[in-house]
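The structure appears right after this line, and notes come after that.
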Amino acid sequence: MKYIVRAIKYLFYFILLFAVIVLVLWLLMSRRQGIPITELFEPGAYPKMGLFFVLVAAVYPAISFVRRKLTLGGPYSRDRKTIDGIMKEAGYRVETETPEKVTYRLEKASLRFTRMYEDRVTIDTHEDPIVFEGYRKDVDRIVRYIAYRLSREEESAGTEEASTTQTDNEDKA
């Protein structure tokens, strides 16, 4: 059902965007040539354009919304603060939270509007790897950044352990 709603939203979005572009072009052009807006396209072009918009809108949600897995190497609760911090840096806030899922939404209304209110990022946290679901561009960016930050934290923790072990060995000698 979510897929159909997204497809319908994007159908209207693409038609509206196309109409605005055509209207602007017509307004700029009509001052010179006086062509009616109905004559900008060949006869029979409207059904073809409609079919094109329907096909693009039907495919677009499948391309634009993804699920990505991220292996934490431990429970979600251990890395919860890091993930929340990264989501806050990315402009997201917690919308809902259950033991199995955490849902984030963009804080800025203008960004939410530009994404047609399809800005939700859902994290399925009940098993490892955790699963991120949402808009492709955002999910890919967030998952890469979380993986990078967690690996840096592990490296720094490993470096601290190694220096502590080395200091303990020097004290014994």
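Each residue takes its place number in the sequence, starting with 1. What's counted below: heavy atoms across the whole structure, side chains too, no hydrogens, waters or symmetry copies. Since we're looking at a predicted model, the values are computed, not measured.
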Are [Y] and [X] connected in a single hydrophobic cluster, I mean Ile/Leu/Val/Met/Phe/Trp/Tyr linked by side-chain heavy atoms less than 4.5 Å apart?
X	Y	result
Y13	L55	no
V59	V56	no
L70	Y148	yes

Please give me the minimum heavy-atom distance between [X] and [Y], naming the atom from each residue.
X	Y	answer
T125	P99	OG1-O, 3.3 Å
I63	V66	O-CG1, 4.5 Å
A90	R141	CB-NH1, 3.9 Å
G74	D128	N-OD2, 3.4 Å
L111	T114	O-OG1, 2.8 Å

Considering residues at least two apart in sequence or located in another chain, which fulfil the ring pair (Phe, Tyr, Trp, His ring centres under 6.0 Å) criterion with F132? none

Would you check if [X] and [Y] make a side-chain contact, meaning some heavy-atom pair closer than 4.5 Å?
X	Y	answer
D138	R115	yes
L40	V22	yes
Y104	I123	yes
E97	V94	yes

For [X], all residues meeting side chain to side chain donor-acceptor pair (under 3.5 Å), sequence neighbours excluded:
X	value
D140	R68
T96	T103
E95	R105, R120
D79	none

Mind checking side chain to side chain contact (heavy atoms under 4.5 Å, CB included) for [X] and listing every partner two or more places apart, or none if nothing turns up?
X	answer
I4	I8
K81	none
R149	T82, I86, E89, Y145, E153
T98	E100, K101

Heavy atoms of other groups near [X] [atom1], more than 12 under 6.0 Å:
X	atom1	result
Y3	OH	yes
R152	CZ	no
F41	CZ	yes

Is the side chain of [X] donor-acceptor paired with the backbone N or O of [Y] at a distance under 3.5 Å, no angle test?
X	Y	answer
K9	M116	yes
S64	P61	no
D124	I130	no
D119	R112	no

Let me check something: any side-chain donor-acceptor pairs from residues 42-49 under 3.5 Å, sequence neighbours excluded? List them with distances.
none

Quick one: which residue pairs count as a salt bridge (charged side-chain N to carboxylate O under 4.0 Å, His left out) with a foot in residues 16-28, not counting sequence neighbours? none

One should read off an interatomic distance between L72 CG and E154 CD, to the nearest 0.5 angstrom, of 9.0 Å

Which residue pairs pass the ring-ring contact (aromatic ring centres under 6.0 Å, His included) test with at least one member in residues 52-81, sequence neighbours excluded? Y10-Y60, F14-Y60, F18-F53, F65-Y135

With salt bridge (charged side-chain N to carboxylate O under 4.0 Å, His left out) as the test, would you mind laying out the steps for E118 and K2 before giving the verdict? CA-CA 10 Å; E118 293 289 344; K2 187 188 307 185; over 6 Å; no

Please determine whether a side-chain nitrogen of the Lys or Arg among K88 and D84 lies less than 4.0 Å from a carboxylate oxygen of the Asp or Glu. no

